[in-house]
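Below you'll find the structure, written out as structure tokens, and then a few comments.
Any value given below was found using the heavy atoms of this structure, including those in side chains, with hydrogens, waters and symmetry copies removed.
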Amino acid sequence: MSLELSEQEIIRRETLQELRKAGINPYPAEKFEVNCTTAEILEKFPEDNSLFQDISIAGRIVNRRIMGAASFLEIQDTPGRIQVYFKRDDISPGEDKSMYNNIFKKHLDLGDIIGVTGFVFITQMGEITIHAKSFTILSKSLKPLPMVREKDDKVWDAFTDPEQRYRMRYLDLIVNPEIKEVFIKRTKLVNTIREFLNEREYLEVETPILQPLYGGAAARPFKTHHNTLDMNLYLRIANELYLKRLIVGGFDGVYEFSKDFRNEGMSRFHNPEFTQMELYVAYKDYYWMMECVEEMVERVAIALNGSTQVQVGENIIDFKRPWKRYTMFEAIEHFTGIDISKMDEVHLRETAKKLNIPVDETMGKGKLIDEIFGETCEDKLIQPTFIYDYPIEMSPLAKKHRTTEGLVERFEAVCNGKEICNAYSELNDPIDQRQRFESQLVLGQRGDEESMVLDEDFLRALEYGMPPTAGLGIGIDRLAMIMTNSHSIQDVLFFPQMRPEKKATTSSDEEFMSIGISSDWIPVIRKAGIQTIEALKKENPNKLFNDLNGQRKKLKLDIPALKIEEVSEWMK
RNA sequence: GUCUUCGUAGCUCAGCUGGUAGAGCAAUUGACUCUUAAUCAAUGGGUCGGGAGUUCGAGCCUCCCCGAGGACACCA
């Protein structure tokens, strides 16, 4: 038994021993047969009271109301909670009432996982309840659970600390079961997209996460090293260039749900690892892809929320097709009244200044247009909107516009003021692609850490010939945020990236023993707040001697009292 | 990275102008045969995030550090 534990944790460990003494294994190996769930009972029992008369159910104790010879627990399983009624004479039918009086009343705690057999009835207060005939301890909980209580939509003692919720997501899921809904919707979102793409017979594929060159996006990568090959590898920032190689290889439709990694800032919209779905379809163009995205996302909205309309913060967003479409120039004109489509770089810079957009001399034409759009339009685009025809400088993998010089065939869908996807008519001209990479290299040499690197093998693939192809990348986390009305990306990731928890520096038991302290006293010393040998040696021996023996008395420890000589000996 | 707010019992929080650390729930003991924020009585539980400084005296003031949230920057 460790004295570093809290009072409640010590008590629970003692309870564990009591159970073992009573011949009960608190962590049994046998399976426990479950034949129904809380959701099934709550749904079907009101319509037919003859159902659920011989049930076996398992769950975690999340509430207790213990009385004399009858008691109520609430147990929680995956879909929900239900009340369970325990009556002394049912649990302990014979003379020996210890199963009810001791095991049930004293050795069960909030957080324990139990199995229950019995039948369903309705209490005098009108609540659907399981009348327990027997119960089995399936797992003993050694840490006290935060106790969230609620009535009439009012909540007391909610477990809300975001740090703890994100670090201990398991606890968050137990105590705030409604957040399960967000993650269930996220999975449904992925499944809906997968079904949509599979219906069209596109092939779901897997491509390398460890890449010798990182490509397909503009971002800083995570770097790692392979020992056997003695080479640097990068965690992928995108999988675009690999999927296009598969299009070259003759698959006409490929997609991948891809965990990508970007070594950049974190915010409520950015986690270092995140999920994108990328899709490439041969013989299509970006107009075709817009329709594909509309149909897919509309379907997701209906699958998750039963409607094309989704409440997001203050706004109701309607994904019903068709979505609004603006070229980038049209969008800027719409929101600022200024037509920049014919402007040269000098003129654009003046316009940006007039609009109070910070500019510097390194910005080229494309960057200026992008800045003007970002500052004046993006926030205002709440309903899903396609923005298309981007300046060529920002898009080294997109095909040149079929009619307009200086633009590429690219679109983004913007929704709730944020980009949710990015798509092109893919560049398949290998000569043009090489030139675009080369101009990225120039940017890199000028110190742009996010410029793309030149991938010779990818160019070789293009030289063999890639069919005209439409490509899409859609941010699954961002889409999940919108579809679940979540404020932060951390709310749609089970385990968002966090700084490591700090560990207080402590000396090991061995180190304490090496200066002559017996193992019995080490926990007492730690309990007194002395975690290191250095700290111990700074103590006054007389005071320490008194304090430790005081603890011994207080905690009724069954070890001999210390002598002052022993304490002095440690100090040497 | 910058600014800003926060960190007190297992959980949610209070703590006055710097003067002996508090409440509710949870826990322990007892009472109670349909309760539901169960109720009633009693009891125990604290490195006030960590460290330094100012002070006769610091949860409170100052500085540094750690962690978290928010905003901004960056990230098409």
Side chains of residues 436-443 of chain A: which donor-acceptor partners sit under 3.5 Å, not counting sequence neighbours?
unit_1	atom_1	unit_2	atom_2	d
A/Arg436	NE	A/Asp432	OD1	3.1
A/Arg436	NH1	A/Ser395	O	2.9
A/Arg436	NH1	A/Ala398	O	3.0
A/Arg436	NH2	A/Ala398	O	2.8
A/Arg436	NH2	A/Asp432	OD2	3.4
A/Ser439	OG	A/Gln435	O	3.4
A/Ser439	OG	A/Arg436	O	2.9
A/Gln440	OE1	A/Met452	N	3.0

Next item on the list: Would you kindly give the CD1-to-P distance between A/Ile82 and B/C34, to the nearest whole Å?
Entry: 20 Å
Note to self: Whole angstroms only, please: what is the CE-P distance between A/Met125 and B/U33?
What the structure shows: 18 Å
Check: Base, sugar-phosphate, or nothing: which does A/Thr160 touch, judged by heavy atoms less than 4.0 Å apart?
Finding: sugar-phosphate
Check: Between B/A37, B/A68, B/A38, which one does the side chain of A/Arg167 approach most closely?
Finding: B/A68
Next item on the list: Using a heavy-atom cut-off of under 4.0 Å over every strand shown, decide if A/Phe121 touches base, sugar-phosphate, or nothing.
Entry: base
Next item on the list: Using side chain to side chain donor-acceptor pair (under 3.5 Å) as the criterion, list what pairs up with A/Asn485, not counting sequence neighbours.
Entry: none
Next item on the list: Apply the test salt bridge (charged side-chain N to carboxylate O under 4.0 Å, His left out) to residues A/Asp172 and A/Arg169: give CA-CA distance (whole Å), side-chain angles for both, the deciding distance (0.1 Å), then the verdict.
Entry: CA-CA 5 Å; A/Asp172 189 31; A/Arg169 182 67 87 183; 2.9 Å; yes
Margin query: Taking the nucleotide of RNA chain B with the nearest heavy atom to each, does A/Met498 or A/Thr123 sit closer to the 5' end?
Written below: A/Thr123
Margin query: When the C1' atoms of B/U55 and B/C60 are compared, how many Å lie between them, rounded to an integer?
Written below: 13 Å
Note to self: Nearest to the A/Phe72 side chain among B/G67, B/U35, B/A76, which nucleotide is it?
What the structure shows: B/U35
Notebook entry, point to check: What is the distance from CG of A/Asn176 to P of B/U12, rounded to the nearest Å?
Noted result: 10 Å
Note to self: Counting the atoms with a prime plus P, OP1 and OP2 as sugar-phosphate, which does A/Gln83 contact under 4.0 Å by heavy atoms, base, sugar-phosphate, or nothing?
What the structure shows: base
Next item on the list: Sticking with atom P, work out how far B/A26 lies from B/G15, rounded to a whole angstrom.
Entry: 24 Å
Item checked: Value in whole Å for how far the C1' atom of B/G69 lies from CZ of A/Arg165 -> 12 Å
Notebook entry, point to check: Reckon A/Arg65 touches a base, only the sugar-phosphate, or nothing at all at heavy-atom distances under 4.0 Å?
Noted result: base
Note to self: Between A/Arg65 and A/Glu74, does any NZ, NE, NH1 or NH2 come within less than 4.0 Å of an OD or OE carboxylate oxygen?
What the structure shows: yes
Notebook entry, point to check: Looking for any heavy atom pair under 4.0 Å, which part of the strands does A/Ala158 touch: base, sugar-phosphate only, or nothing?
Noted result: sugar-phosphate
Next item on the list: Considering only atom P, compute the distance from B/A9 to B/U47 and round it to an integer number of Å.
Entry: 8 Å
Next item on the list: Verify whether one side chain among A/Glu18 and A/Thr15 offers a donor that lies under 3.5 Å from an acceptor in the other.
Entry: no
Notebook entry, point to check: With sequence neighbours left out, what residues match A/Tyr100 under side chain to side chain donor-acceptor pair (under 3.5 Å)?
Noted result: A/Ser71
Atom pairs, N/O to N/O, protein against nucleotides 70-73 of chain B, distance under 3.5 Å?
unit_1	atom_1	unit_2	atom_2	d
B/A71	OP1	A/Arg268	NE	3.4

Checklist line | C1' spacing across the pair B/A52 / B/G19, given as an integer number of angstrom | finding: 23 Å
Next item on the list: Give the dot-bracket string for RNA chain B, reading 5' to 3', where a pair is Watson-Crick or G-U wobble with both distances under 3.5 Å, ( ) marks pairs inside the strand, [ ] marks pairs crossing earlier ones, | marks a partner on another strand, and . marks unpaired.
Entry: (((((((..((((.....[..)))).(((((.......))))).....(((((..]....))))))))))))....
Check: Quick one: salt bridge (Lys or Arg N to Asp or Glu O under 4.0 Å) pairs with a partner in residues 259-271 of chain A, sequence neighbours left out?
Finding: A/Arg236-A/Asp260, A/Lys259-A/Glu273
Checklist line | Interatomic distance at C1', B/C61 relative to B/C48, whole Å | finding: 16 Å
Notebook entry, point to check: After noting the C-alpha distance and the side-chain angles of A/Glu426 and A/Lys244, does the key distance pass the salt bridge (charged side-chain N to carboxylate O under 4.0 Å, His left out) rule?
Noted result: CA-CA 9 Å; A/Glu426 299 295 338; A/Lys244 285 183 186 170; 2.6 Å; yes
Next item on the list: Tell me whether the OP1 or OP2 atom of B/C11 has a side-chain N or O from A/Gln164 closer than 4.0 Å.
Entry: yes
Notebook entry, point to check: Within this structure, what is the CZ-to-C1' distance between A/Phe86 and B/U33, rounded to whole angstrom?
Noted result: 15 Å
Note to self: Measuring only the C1' atom in each nucleotide, how far is B/U8 from B/A42? A whole number of Å is fine.
What the structure shows: 26 Å
Check: Pairs in or reaching into residues 90-104 of chain A: which pass salt bridge (Lys or Arg N to Asp or Glu O under 4.0 Å), with residues at least two apart or in two chains?
Finding: A/Asp89-A/Lys97
Check: ring pair (Phe, Tyr, Trp, His ring centres under 6.0 Å) with A/Tyr234: which residues, sequence neighbours excluded?
Finding: A/Tyr214
Note to self: At 4.0 Å (heavy atoms only), tell me whether A/Gln124 reaches a base, stays on the sugar-phosphate, or touches nothing.
What the structure shows: base
Next item on the list: Rounded to whole angstrom, note down the P distance from B/A71 over to B/G57.
Entry: 43 Å
Report all interatomic pairs (protein N or O, nucleotide N or O of nucleotides 26-30 of chain B) with separations under 3.5 Å.
unit_1	atom_1	unit_2	atom_2	d
B/A26	N3	A/Gln8	NE2	2.9
B/A27	OP1	A/Arg64	NH2	3.3
B/A27	O4'	A/Gln8	OE1	3.3

Next item on the list: Could you state the atom-to-atom distance from CD1 of A/Ile128 to C1' of B/C34 in whole Å?
Entry: 15 Å
Next item on the list: Over 60° means perpendicular and under 30° means parallel, so classify the ring planes of A/His131 and A/Tyr85, tilted if in between.
Entry: perpendicular
Note to self: Please report the distance, rounded to the nearest Å, between CD in A/Glu74 and C1' in B/A37.
What the structure shows: 11 Å
Next item on the list: Answer with yes or no whether A/Asp157 presents, from its side chain, a donor or acceptor under 3.5 Å of a partner atom in the base of B/G24.
Entry: yes
Next item on the list: Quick one: list whatever passes ring pair (Phe, Tyr, Trp, His ring centres under 6.0 Å) with A/His401, sequence neighbours left out.
Entry: none
Checklist line | Closest-nucleotide ordering on RNA chain B, the 5'-leading residue of A/Asp89 and A/Glu264 | finding: A/Asp89
Margin query: Does A/Met328 reach a base, just sugar-phosphate, or nothing at all? Heavy atoms under 4.0 Å.
Written below: nothing
Notebook entry, point to check: Which part of the nucleic acid, if any, lies within contact of A/Glu127, taking any heavy atom under 4.0 Å across all strands shown: a base, the sugar-phosphate backbone alone, or nothing?
Noted result: base
Margin query: Checking contacts here: which listed nucleotide (B/U12, B/G10, B/C34) is nearest the side-chain heavy atoms of A/Asp161?
Written below: B/U12
Margin query: Between B/U4 and B/U62, how far apart are the two P atoms, rounded to whole Å?
Written below: 13 Å
Margin query: Among residues at least two apart in sequence or on other chains, which ones pass salt bridge (Lys or Arg N to Asp or Glu O under 4.0 Å) with A/Glu278?
Written below: none
Note to self: Using whole Å, what does the distance between atom P of nucleotide B/G67 and atom CZ of A/Arg499 come to?
What the structure shows: 5 Å
Next item on the list: State whether a side-chain donor-acceptor pair under 3.5 Å links A/Tyr166 with A/Asp491.
Entry: yes
Next item on the list: Please determine, for the side chain of A/Arg220, which listed nucleotide (B/C74, B/U35, B/U33) has the closest atom?
Entry: B/C74
Checklist line | For A/Lys140, all residues meeting side chain to side chain donor-acceptor pair (under 3.5 Å), sequence neighbours excluded | finding: A/Asp109, A/Asp112
